[in-house]
Amino acid sequence: MISDKLTKQQVEGVRRLLEPAKRVVILSHMSPDGDAIGSSLALYWWLHDTKAAQVIVPNAFPNFLSWIPGADSILICENAVEKAKSAIEQADLIICSDFNEPKRIGQLGQMALDAHCPKILIDHHLFPSDFADVTISYPDSPSASELVYRLLYQLGVQNWPVELATCIYTGMMTDTGNFSFNSNYPEMYEIISHLVSCGVDKDAAYNKVFNSHSEGRMRLVGYCLNNKMRIFPDYHTALIYLSGKELYRFNFKTGDAEGIVNMPLSIKDVYYSCFMREDKVAEWEKERAHGSTKKIKLSMRSQGDRPVNTFCHDIFNGGGHKNASGGEYYGELTDAVNLFLQNYEKYFLKD
Ligand code: 5GP
Ligand code: MN
C-alpha cells in the first residue's frame, strides 16, 4: 500500500481541470533529461486514449532517451517555434513537469504565461514560482516521474500500460543515478515493484540509457579525466571545463556530457564537482545574452550536507537541488572559470 503524499486538494484540483480539457499540452525543461522526458511522456500515455496530448520541450534531448515510448511524438520547440506556439494557444490545459519556473523552459516560458488556459505544475525543485492553478511541488521527491506515479495512483488509475510504466521507471532511474542516491526509502521499491509487474524491463532500460554512448563520448570522458580535471584538495573540489574547440574535436552531440560531472565524486575526499562547457547562444536568448555569442553551461554536484544550489544561484544565475544544480554564464569560458575560482571558497566547506 503506497501512502498518499499529495493532498486531496491537489488530486481533486487535477481531476477538476482535466475533466473538461480536450487538448492538453505537456511542457518540460531545457536540455531535457530522463526525468523530464519520462515524466512528460508518462503524462502523455496516461491521457493518450481520451485527449489530444502533446509533449513540447524547448530543445533537443539526448539520443540515449530516444527509445523511450512516445519519444518520437515530442515536439522540439527550437525546431518548430510556430507549431509550438499554436499548440500552446489552442491547448485547454497545460501541464508543466520537472521544472519550477517559466524561465527554465526558454521561449516556451512566455508562451505558457500568455496562454489563457489553466495550468498544472508537477515538480520537485526548490522554490516553485506561483504561475499554476494547481501546484504539486515536493522538493523532497527524488523525481518528477515519481510524483506523476503518485498522482495517477491517488487518482485511482487502474490501467497502467507498459509504455506508461516504462516512462515513469526511466525518470525515476535517471534522476537517482540508477537508485544510487535519494533512494533510501522502502516505498520507492513498492512503486518499482508495481512498475515491473506492469511489464517494465528494467535491465533493458538501464542498458539503453547507460550503455549506449558513442565512441566520441567515451574518448571525451577519458580526455576530461586525464587532461582537464583540476582538483582543489583544501575545498574537496574538482573542476572540469571544455571549450567549443575541444567539444568539436570529440564530435560532441547533445547528451555526450551527461554524467561527467558526477565522476570526480568517486575520488576519495572530493565532495564538490563542477563541469563547464561552451555552448551557443540561441536566437531567442540573444537579448538576455547582452551581445555575447558564447554561453557557458555549468553543472554542479556535491555530496551530503554541502549544498551547491546557492552557489549556482548567486554566481551563475541558476539553481537546482541541494546536491545537483546548474547555471549559465554569457561570455568567455576563461571568465566563467575565473568567476568560479574567485567564489567557490566562500560557498564550499573546508572540512
Ligand atoms: P544538470 O547539471 O544535469 O544540467 O542539472 C542538474 C539540475 O540543476 C537540474 O535538475 C536543475 O534543477 C538545475 N539546473 C541546471 N541548470 C540550471 C539553470 O540554468 N538554472 C536553474 N535554475 N537550474 C538549473
Ligand atoms: Mn527531475
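These numbers were taken from a predicted model, which means no experiment stands behind them. Both counts, for ligands and for their atoms, begin at 1 and track the order of listing.
The aromatic rings of His194 and Trp160 lie perpendicular to each other, with more than 60° between the two planes, well past the 30° mark. Taking the six-membered ring where the residue is Trp, Tyr329 and Phe316 present perpendicular rings, their angle passing 60° and hence far from 30°.
For Phe340 and Phe311, the distance between ring centers is under 6.0 angstrom.
With hydrogens left out, the protein atom closest to atom 11 (C) of ligand 1 is Arg104 NH2, 3.6 Å, a heavy atom. Nearest protein neighbour of atom 20 (N) of ligand 1, counting heavy atoms only, is Gly318 CA, 3.4 Å. Closest protein heavy atom to atom 4 (O) of ligand 1: Ser299 OG, 3.6 Å. Counting only heavy atoms of the protein, atom 15 (C) of ligand 1 lies nearest to Gly326 CA, 3.4 Å. In this structure, atom 7 (C) of ligand 1 lies nearest to the protein heavy atom Ala324 O, 3.5 Å. Protein heavy atom in closest approach to atom 23 (N) of ligand 1: Gly319 O, 3.2 Å.
Using a cut-off of 2.8 Å, one finds that Asp175 contributes an N/O/S atom close to the Mn ion (ligand 2). At a cut-off of 2.8 Å, Asp33 is not counted among the residues with an N, O or S atom near the Mn ion (ligand 2). At a cut-off of 2.8 Å, His124 coordinates the Mn ion (ligand 2) through an N, O or S atom.
Residue-ligand proximity: Ser31 is placed with every non-hydrogen atom at 4.0 Å or more from ligand 1. Residue contact annotation: Arg301 has a non-hydrogen atom under 4.0 Å from ligand 1.
Smallest separation of non-hydrogen atoms from Thr170 and Ala205: OG1-CB, 4.5 Å. A pairwise comparison of heavy atoms in Pro142 and Thr176 identifies CB-CG2, 3.8 Å as the closest pair.
Here His313 has no heavy atoms under 4.0 Å from ligand 1, in either its backbone or its side chain. Using a 4.0 Å cut-off between heavy atoms, Met30 makes no contact with ligand 1 at all.
Side-chain atoms of Arg230 and Tyr241 form a donor-acceptor pair, as typed in the model, at a separation below 3.5 Å. Using modelled atom types, one finds no donor on one side chain facing an acceptor on the other under 3.5 Å when comparing Asn317 with His313. Between the side chains of Asp269 and His236, no donor N or O sits under 3.5 Å from an acceptor N or O. In this structure, a donor-acceptor pair under 3.5 Å is present between the side chains of Asp314 and Tyr347. Inspection of the Tyr44 and Glu163 side chains reveals no N or O donor paired with an N or O acceptor under 3.5 Å.
Among His125, His29, His124, Lys103, the residue whose heavy atom sits closest to atom 12 (O) of ligand 1 is His125.
Because its NZ or CZ atom is not both nearer than 6.0 Å to the ring centre of Phe64 and within 45° of the ring axis, Arg217 does not count as a cation-pi partner of that residue.
Between Lys297 and ligand 1, a contact under 3.5 Å exists for at least one N or O pair. Annotation: Met300 places no N or O atom under 3.5 Å from an N or O atom of ligand 1; distance criterion only.
Which parts of ligand 1 touch Gly320 is read off a 4.0 Å heavy-atom cut-off, strictly below it: atoms 12 (O), 13 (C).
Restricting Asp35 to its N, O or S atoms, the one at the least distance from the Mn ion (ligand 2) is OD2. In Asp98, the N, O or S atom that comes nearest to the Mn ion (ligand 2) is OD1.
Salt-bridge annotation for Glu246 and Arg277: absent, with no side-chain N of the basic residue lying under 4.0 Å from a carboxylate O of the acidic one.
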